Chemist: 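Got a structure for you, questions after.
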Amino acid sequence: MKILKFGGTSVANAENIKRVLSIVKERSKTTKIGVVVSAFGGMTNMLLDTLRLAAKQSLDYEQGFGTMEHKHLSVIKDLFPVTEQSSILGKIKGELNELETLLQGAYLIGEATTQLTDKIMSYGELLSSFIITEYFKSEGLDAALKSGRELITTDENFGKATVDFKATNARCADYFANTANQITVIPGFIAASQKGKATTLGRGGSDYSAAILAGATKSEILEIWTDVSGMFTANPKLVRQAKCLSHISYEEAMELSHFGAKVLYPPTIQPVLAQGIPIAIKNTFFPDDEGTLITKNTNGTDKTVRGISHIGGITVLALEGPGMIGIPGISKRFFETLSQEHISVVMITQASSEHSICIGISDDDAQRALNAVNTAFEYEMASKKIKPVVIENNLAIIALVGDNMKSHQGLSGKMFSTLGKNNVNIRAIAQGASERNISAVIGKGDVKKALNSLHEEFFEENIKQLNLFVMGVGNVGGRFLNQIEQQRGYLKKELQLAIRVIGLSNSKRMVFDENGIALDAWQNELEQGQQADTIKFFETVKKLNFRNSIFVDNTASKAISDSYTSYLANSIAVVTCNKIACSSAYEDYHNLKQLVKKYDAPFLFETNVGAGLPIIDTLKHLIVSGDKVHKIQAVLSGSLNFVFNNFNDNTSFHDVVMEAMEKGYTEPDPTIDLSGIDVMRKILILARESGYHMELSDIENESFLPEESLRADSNDAFFSSLKKYEADFQKRYQRATKKDCKLKYVAELENGKAKVGLREIPAGHDFYNLEGSDNIVLFFTERYPDQPLIIKGAGAGADVTASGIFADIIRIGNF
Ligand code: ADP
Ligand code: ASP
Ligand code: MG
């Protein structure tokens, strides 16, 4: 004997029912089988919604009824040849008429009792089981229908009745011992009381019906056929990387389902557990997939955490007060009160001070629980020994589950630090006495992120997914996107990093794709995106609430750098090549650094100085390892290097600057480079990173440009002033050359003072042979007092800057 149960999706329409037929046909060849079926997918919800409308005396319920009627009739039309339809339609219409009468009754009296609700909810399974049995018969199977009400006896706790196993087991054993049919179809979920009243076994209860039958008939196996290929490490609909668990223990399955793995209704295990009947979870749509086997032991697995599940719709209720300390019996009364109200407690935590008890219950029960507990402790509350109950709803519980968790330290540490890093706020924590689960209550909006980050931490062999939100797709941004596209395979293989760009924006348009924007076609996607909006962009990043989110700023815009605080304050990392944030008022810089600490959110800006050269990173390492910077000497402007390396007595200064601008070596406004402002910003950032409290105005700048060039209000005016003062530029060149020196634009920091300016560099100096747009930095520190630590290399250009941003992202990935 085998019991097979087919869930709502598996029997949602004619096409799916045909799949069920072929599975049943195959399984029934060798043994008698019981086929437990759910209502057609979505029908139980529809019945409930329709009843609610009727009980509210809204005539809209008629429409709900019409939809349900149509659904059943159309399945019949799709399954049966016209000649066979009339008798089936006749019977179904008769049932539907009764249902309509019941709904009318609810409408007229304007209420739905729990008893009526059970009666009405039963129609889903009553109708589906009849249609499916008739279909099996018409396809030549030896099938008969047996009502769940005649097999399963319960008490009259409507909505979630308790099974009378003695009576039930006897009825089932008797029926199956005597039936001549190879296949018996039974409606799941529904049962009847001793007095014959319609009851139900709780939402999702068809699994339970099947388990009860399996236990009663001592079946060799219970097969749960559903729409996923087994029980997964997490709900596969929320965690794409979830993996199927091929073999787990009854206890693990119970914990996972108790904490929300809906694929199995929690009470299902109990009737099969005592007799060791295995449960197989299989996919109706991919019957060849292995699925999950649930048995007593799962020898040989060394995995500690087997799965992560969650339950939504949770309310936390806390009973607190000084009067609770040391008084025996308070918890007893508390839980008795809840039990009398039939409120099931999902999670319990009690502070060791005995000052408070905190429980997790379903949102639906919250108000009843609140009233009942307030009434039960009225006396203590009046005398202020206990505070009035507080509740917080719209929460969720997530739980790590696994048999082997008990003997491992550090799991909860890992769990909570992962959640913390991702800014998931934890309201309550509990660890089951069996130590088979650790659970935490979190906000509903954080569930997807929490599941995915925990899943990544515990199951994904250290493949870490980074979710990027990229602002700016110009020279640097465009190349950055190309680099991600090219490096993707390497990163995954060598660094275990999976990088996706979820959001992209330029100044005109923005686009989001939760599955990752196709990087070979980002231009198209962006063109078709919505109108760009910096605030909306941030709001969307926040709402999407992805783990390991990184905001990447490839612009030079102040408005964008002003938004960093919002990102960091939501624990979203920021990577930027935009210098504005770190070189504006010290207070702003300091504020950003504080946010980094407070929200544990990385803020990296390596490309602010020397493009892709690891200058800031090196400086950071020196400082954190206890070194102290005494002096920095540096040539930090790729643009000015280009200009002074190419300027001589055969060219004009004007032409060289023009060439630099045309080649993209300067900012669009070349005065930013030529005036030395850009270099000032860079040395300021290095000074601040070295620990100095400094403002831009503290930096001395001896400009080599004439006043007129500095004050030019357009590029044209600027260039014509350069022409005008050509003779002065030539003089500076001659003077240097005569001394065998070269002109370099140098930035210096010494004793907390910084200056920038054009210097004559003698042969033999580290700066003398600096080529093209190279940068160089000399760090004189406590550890490197005379011979400085030198970093030198290409320090400008879109490609190296893009690589620098990329390097920052990888730093975060390895963080
Ligand atoms: P049925 O109608 O067949 O009873 P359910 O909808 O009750 O199906 O249960 C199957 C669903 O359970 C899946 O579609 C999936 O979304 C959900 N689910 C939640 N957690 C898990 C998990 N850990 N493994 C597999 N499925 C899960
Ligand atoms: N149809 C019922 C429900 O939706 C029972 C089940 O499908 O398991 O809750
Ligand atoms: Mg189910």
Side-chain angles (χ1 to χ4, degrees), residues 4-12 16 19-20 23 36-49 68 117-118 120-129 148 152 159-161 186-191 199-212 222-246 248 252-268 279 281-286 289 291-292 294 305-312 396-402 447-448 451 454-455 459:
L4 279 61
K5 177 258 169 176
F6 293 88
T9 336
S10 304
V11 295
N16 297 359
R19 294 175 198 272
V20 171
I23 295 165
V36 176
V37 294
S38 284
F40 294 166
M43 198 51 65
T44 314
N45 284 342
M46 238 188 269
L47 281 161
L48 262 182
D49 293 343
M68 294 190 289
T117 307
D118 265 8
I120 285 182
M121 276 205 294
S122 303
Y123 276 86
E125 270 74 6
L126 281 181
L127 296 171
S128 70
S129 59
I152 301 175
K160 198 174 183 179
I186 307 104
F189 180 54
I190 67 179
T199 57
T200 62
L201 300 175
R203 294 305 308 272
S206 294
D207 296 341
Y208 191 32
S209 304
I212 294 166
L222 164 61
E223 295 182 355
I224 304 282
W225 289 83
T226 181
D227 61 352
V228 281
S229 296
M231 202 162 217
F232 281 63
T233 45
N235 185 346
K237 299 213 171 121
L238 295 177
V239 179
R240 264 210 291 174
Q241 325 284 351
K243 296 185 196 80
C244 178
L245 295 158
S246 60
I248 53 175
E252 285 171 327
M254 204 137 57
E255 299 275 337
L256 279 166
S257 68
H258 175 75
F259 284 104
K262 186 182 166 220
V263 66
L264 204 63
Y265 181 53
T268 306
I279 305 175
I281 298 181
K282 300 279 290 174
N283 191 336
T284 306
F285 306 91
F286 298 94
D289 282 1
T292 297
I294 305 171
V305 180
R306 300 305 300 279
I308 306 165
S309 44
H310 83 282
I311 331 174
I397 296 180
I398 45 167
L400 292 189
V401 172
V447 165
K448 195 168 171 193
L451 284 176
L454 290 175
H455 196 269
F459 292 103

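Note that the structure is a prediction, hence the values are computed from the model and not measured. Order of listing sets the numbers, starting from 1, for every ligand and every atom in it.
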Chemist: Of the non-hydrogen atoms in Leu222 and Ala210, which two are nearest, and what is the gap between them?
Modeler: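 So the minimum-distance heavy-atom pair works out to CD1-CB, 3.6 Å.
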Chemist: May I ask you to decide if Ser38's main-chain N or O and Glu125's side chain share a donor-acceptor pair within less than 3.5 Å?
Modeler: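 Such a contact is absent between Glu125 side chain and Ser38 backbone.
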Chemist: Can you name the nearest heavy-atom pair linking Asp227 to Lys237, along with the distance?
Modeler: OD2-NZ, 3.1 Å
Chemist: Counting non-hydrogen protein atoms only, what is the nearest one to atom 13 (C) of ligand 1? Give residue, atom name and distance.
Modeler: Asp227 OD1, 3.6 Å
Chemist: Note the single closest protein heavy atom to atom 8 (O) of ligand 1, along with its residue, its atom name and the distance in Å.
Modeler: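 Looking only at protein heavy atoms, the one closest to atom 8 (O) of ligand 1 is Thr226 OG1, 3.2 Å.
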Chemist: So which heavy atom in the protein is nearest atom 24 (N) of ligand 1, and how far is it from that ligand atom?
Modeler: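 Answer, as residue, atom name and distance: Phe232 N, 2.8 Å.
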Chemist: Which heavy atom of Met231 sits nearest a heavy atom of Ala253, and at what distance?
Modeler: CE-O, 3.9 Å
Chemist: Check whether any heavy atom of Gly204 sits under 4.0 Å from an atom of ligand 2.
Modeler: yes
Chemist: Evaluate the side chain to side chain contact (heavy atoms under 4.5 Å, CB included) criterion for residues Thr44 and Thr200: first the C-alpha distance (whole Å), next the side-chain angles of each, then the deciding distance (0.1 Å), finally the verdict.
Modeler: CA-CA 11 Å; Thr44 314; Thr200 62; over 6 Å; no
Chemist: Is there a heavy atom of Gly188 sitting under 4.0 angstrom from any atom of ligand 2?
Modeler: no
Chemist: Tell me which protein heavy atom sits closest to atom 14 (O) of ligand 1, plus the residue, atom name and distance to 0.1 Å.
Modeler: Lys237 NZ, 2.6 Å
Chemist: Which option, Ala234, Gly230, Ser229, owns the non-hydrogen atom nearest atom 25 (C) of ligand 1?
Modeler: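 Looking at heavy atoms only, Gly230 sits closest to atom 25 (C) of ligand 1.
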Chemist: Looking at ligand 1, is there an atom of it that comes within less than 4.0 Å of some heavy atom belonging to Pro236?
Modeler: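 Yes.
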Chemist: Starting from atom 21 (C) of ligand 1, what is the nearest protein heavy atom, named by residue and atom, and what distance separates them?
Modeler: Asn235 CA, 3.6 Å
Chemist: Let's go through Leu4 and Trp225 carefully: what are the C-alpha distance in whole Å and the side-chain angles of both, what is the deciding distance for side chain to side chain contact (heavy atoms under 4.5 Å, CB included) to 0.1 Å, and is it a yes or a no?
Modeler: CA-CA 7 Å; Leu4 279 61; Trp225 289 83; 3.8 Å; yes
Chemist: If hydrogens are left out, which of Glu125, Lys5, Arg203 has an atom nearest to atom 5 (C) of ligand 2, that is, the closest non-hydrogen atom?
Modeler: Glu125
Chemist: For Val305 and Leu454: C-alpha separation, side-chain torsions, deciding distance, then whether side chain to side chain contact (heavy atoms under 4.5 Å, CB included) applies.
Modeler: CA-CA 10 Å; Val305 180; Leu454 290 175; over 6 Å; no
Chemist: Starting from atom 6 (C) of ligand 2, find the nearest protein heavy-atom neighbour and note its residue, name and distance.
Modeler: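 Nearest protein contact, heavy atoms only, for atom 6 (C) of ligand 2 is Ser206 OG, 3.3 Å.
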Chemist: Of all the heavy-atom pairs spanning Leu256 and Leu245, show the shortest one and how long it is.
Modeler: CD1-CD1, 4.1 Å
Chemist: Do Thr199 and Asp118 get their side chains close enough for a donor-acceptor pair, meaning under 3.5 Å?
Modeler: no
Chemist: Do you know the tightest heavy-atom contact between Gly260 and Ile311?
Modeler: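 For Gly260 versus Ile311, the nearest heavy atoms are N-CG1, 3.8 Å.
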Chemist: Where does Lys5 meet ligand 1, judged by heavy-atom distances below 4.0 Å: at the side chain, the backbone, both, or neither?
Modeler: side chain
Chemist: Which protein heavy atom lies closest to atom 7 (O) of ligand 2, and at what distance to 0.1 Å?
Modeler: Ser38 OG, 3.0 Å
Chemist: Give me the residue, atom name and distance of the protein heavy atom closest to atom 2 (O) of ligand 1.
Modeler: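 So the nearest neighbour among protein heavy atoms is Gly8 N, 3.0 Å.
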Chemist: Just go through Leu47, Asp207, Thr44 and tell me whose heavy atom is the nearest to atom 2 (C) of ligand 2.
Modeler: Thr44
Chemist: For ligand 1, which atoms sit closer than 4.0 Å to a heavy atom of Val228?
Modeler: 13 (C), 14 (O), 25 (C), 26 (N)
Chemist: Would you indicate which of Val263, Leu264, Leu256, Ile311 comes nearest to atom 12 (O) of ligand 1 when only heavy atoms are counted?
Modeler: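 It is Val263 that holds the nearest heavy atom.
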Chemist: Using the rule given for side chain to side chain contact (heavy atoms under 4.5 Å, CB included), can you reason through Phe459 versus Val239, listing the C-alpha separation, both sets of side-chain angles and the distance that settles it, and then say yes or no?
Modeler: CA-CA 11 Å; Phe459 292 103; Val239 179; over 6 Å; no
Chemist: Should the proximity of Lys262 to ligand 1, defined as any heavy atom under 4.0 Å, be assigned to the side chain, the backbone, both, or neither?
Modeler: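 The part of Lys262 near ligand 1 is both the backbone and the side chain.
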